[in-house]
Number of protein chains: 2
Amino acid sequence: MTQKPIVIVGAGLVGSLLAILLGKRGYTVKVFERRPDMRKTRQYAGKSINLALSDRGIRGLRLAGVLSDVMKIAIPVYGRSIHQIDGNVVFQPYSADGKCNYSVSRAEINFTLMDLAEQLPTVSFHFNEKCVDVDFTNTTVSFENTETKKITSESAEVVFGADGAFSAVRLNMMLKNDRYQYQQFYIETGYKELIIPPDTNGNFRLNNYESLHIWPRKEFMLMALPNPTGDFTCTLFMPFEGKNSFEQLKTKEQVKQFFETYFADAVPLMPTYLDDFFKNPTSSLVTVRCYPWVIGKVALIGDAAHAITPFYGQGMNAGFEDTVILMELLEKYNGDWSNTLQEYQVLRKKDGDAIAQLALDNFVEMRDKTANPQFILQKKIEQWFYKLHPDKWIPLYDMVTYRPDIRYSEALQRGYYQDQIMQEVLHLPDIEKNWAIPMVEEFILKRLEIKPFQYN
Amino acid sequence: MTQKPIVIVGAGLVGSLLAILLGKRGYTVKVFERRPDMRKTRQYAGKSINLALSDRGIRGLRLAGVLSDVMKIAIPVYGRSIHQIDGNVVFQPYSADGKCNYSVSRAEINFTLMDLAEQLPTVSFHFNEKCVDVDFTNTTVSFENTETKKITSESAEVVFGADGAFSAVRLNMMLKNDRYQYQQFYIETGYKELIIPPDTNGNFRLNNYESLHIWPRKEFMLMALPNPTGDFTCTLFMPFEGKNSFEQLKTKEQVKQFFETYFADAVPLMPTYLDDFFKNPTSSLVTVRCYPWVIGKVALIGDAAHAITPFYGQGMNAGFEDTVILMELLEKYNGDWSNTLQEYQVLRKKDGDAIAQLALDNFVEMRDKTANPQFILQKKIEQWFYKLHPDKWIPLYDMVTYRPDIRYSEALQRGYYQDQIMQEVLHLPDIEKNWAIPMVEEFILKRLEIKPFQYN
């Protein structure tokens, strides 16, 4: 059997995981990466946001048999530690029953997955190979070696564009095919990586380190996620222009005053923030919506298909879930790629759109609502009701993060409906004082009867 | 003075008009066109939709001093001739006071504008020059000659991307600049050019030829616009897929049956439609929204900035209006390009978005509502009220088509508000029988008091 290889464009998180999944199933997999081998350069250019690995992503890692390897570099995160402007810190658990996400560094998980993929005899990596052309009729991809400038052409059984938010495979789809639906949308907010290093003993400098620390300040926020090395990767999210924006912070003095005003309790923990602020780039946040994802036997996967903002911590998880669905369909269709890819795109497009929307919605929640007493009350009531009727109500965050059996698109729909009900509940008389009472329970049950959901 | 030239990419309608306007103001203008000189090849590849020139476009032609030249190739169109499925034809005038649009062939008006531009000593055209690179820092554009493959670089004072819906200048903006907002959106409907030739005496084969003939059939429609040569350019708009779609019409027999069922009165007038249907391509309809339109001294104009669907007959008019606004601002800022371009993009982006939306809305109106008695009644009441209170109410079609003093964005907003009021009016008791009565007038006046508009 001289089967052509599966070509994966992009050795990022999704490309590397997909290589493992396909390689273990006996497919010959060639992964082509535009950049040099990141494991040697160990450079992520100060643009990293720590990732929150959760159940959808875990499912992919488990399916690939690499979960335990990744868990070695992961730190559990049980909720949000909200740093109020007066210095008070309030902990908001993610779930009513102690479920957690895992903080992982993008670089570390990527290196781990690449190492594991490369150990398979069926998988090979090819670096410094920039995708310059895709032939959708013959399923071939051309690469230019960024060092030798030599152009090679790879004929493939199937091509996966796992080449991220600025996918070259997708650009070829767009430029070479009529009626290609495409949108790239940037929010007004950018981000900058900063750091809270370990203390002199190598320990975490923030209490309750197993949480996502947030300094929500409405139009902007600082957040911090722990690393196994005792440091926190911090991310400042802020508008590019206008009041309190990156544009306004041009001198060290301005940055200092800004941080001391809004993040006073963080300043002593960040000895290098003034230098880092000017050294690290200000990056933008794009949402990409496109269709189709599949043309001929060329398919987009992960960010290439559905780049989203990071505010639900689902970018990597959504991409890993793509690979799970793909493997399930490949099994369902007995290895028939044509059917597999067609059903894959129909199923996943809907979910990609949904998580993109949820992520945009969650930005408002994180930077603004987490500091809002009404919102905190809403979360409490939801968790209370969820414990009473787990068959009738699941908080949106739980559905998105901990329930891979519920599709993103379903979670979005149910979440909106539940939120409507909660807005009514919050208007009940004296709700602030008395909420864990039969009257509120009855009210919610009655509302749910109007449009009851059967949860899986 | 060794001023660098103004470079215009694209010798289409807007590029050619802009060349005249700038050339007459003494600027050295170089127009680069990817295709060969269309005046020699005289090929438009069966993809033409006749254009409806109206007041916004006329304003541009008048400003350039070329209106009388264009009027020689134009035919006035006073309204819609609706061909009902039973063969009845109903005329709906565009306006209450005899205003009209002008049907012009895209090729003819383009040739005329190119000829007029080329007569100016300041303007030169360069054909077979494909834009392959834009340098936004140095305001230079590189072109590859499609015949010699030679690459030349043009350093410019200002560059205009007038290169249409699939603009190469815009693609360079998108690929080379962070945070470029971009959307290309295709509707499910495509179109195909057909023809009603003149009769043996060279006369029009349809009565009331000074109108836009429409065969509205809900999901699809045929339309026909007159040419000075006695023929009508016909366009069939129809979904690509599904029931009654291009996909479904695969044999001559199927096309014949389809036309005889839905366009029975047109069939005898279209002797070549069966051949043309398979000879002419099926084209798609894109809406492009992007921002910014200006980076450095490179600016998008016309379809390159705001490609829209053809259903309001405003694509060319919107592009010509861009050039008018640009000239007004250039005067306002005494030839300062930087200020001119900045205000241009802020002003026109809003209007580009508005006309894109209006065009999409009007598709539903044309293919569906024009055959609806409620809609016809609404139009009558609106025109009646407009005659009574022209200071308080202007029908949306009039605002968009005949009132360049009202911005598209303003027309959209007022149009939506007026439509809300009309929906209420249509629910008044016995409105079908008695509508030209004081009670209805009072009702509308009262509603308008809630949010009265001051028209210019």
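Here the structure is a predicted model, which is why all the values come from computation and not from measurement. Every chain is numbered from 1, with letters handed out A, B, ... down the list of sequences.
- In B:Glu188, the CD atom is not crowded: 12 or fewer heavy atoms of neighbouring residues, nucleotides or ligands sit closer than 6.0 Å.
- Counting only distance, with no hydrogens or angles, the side chain of B:Gln181 and the backbone of A:Tyr186 share a donor-acceptor pair below 3.5 Å.
- A:Gln184 places a side-chain N or O within donor-acceptor distance of the main-chain N or O of B:Tyr180, the cut-off being under 3.5 Å.
- Counting heavy-atom neighbours within 6.0 Å of A:Lys149 NZ, excluding the residue itself, gives a total above 12.
- Atom CG of A:Asp178 and atom OG1 of B:Thr282 lie 10.0 Å apart (nearest 0.5 Å).
- Counting heavy atoms of neighbouring residues, nucleotides and ligands inside a 6.0 Å radius, atom NZ of A:Lys350 does not exceed 12 of them.
- Inspection of non-hydrogen atoms places no residue of residues 127-136 of chain B under 4.5 Å from chain A.
- Atoms CZ and CZ, on B:Phe185 and A:Arg289 in that order, are 13.0 Å from each other to the nearest 0.5 Å.
- Proximity to chain A is limited to the side chain of B:Leu175, based on heavy atoms less than 4.5 angstrom apart.
- For the pair A:Phe240 and B:Arg179, the minimum side-chain heavy-atom distance is below 4.5 Å.
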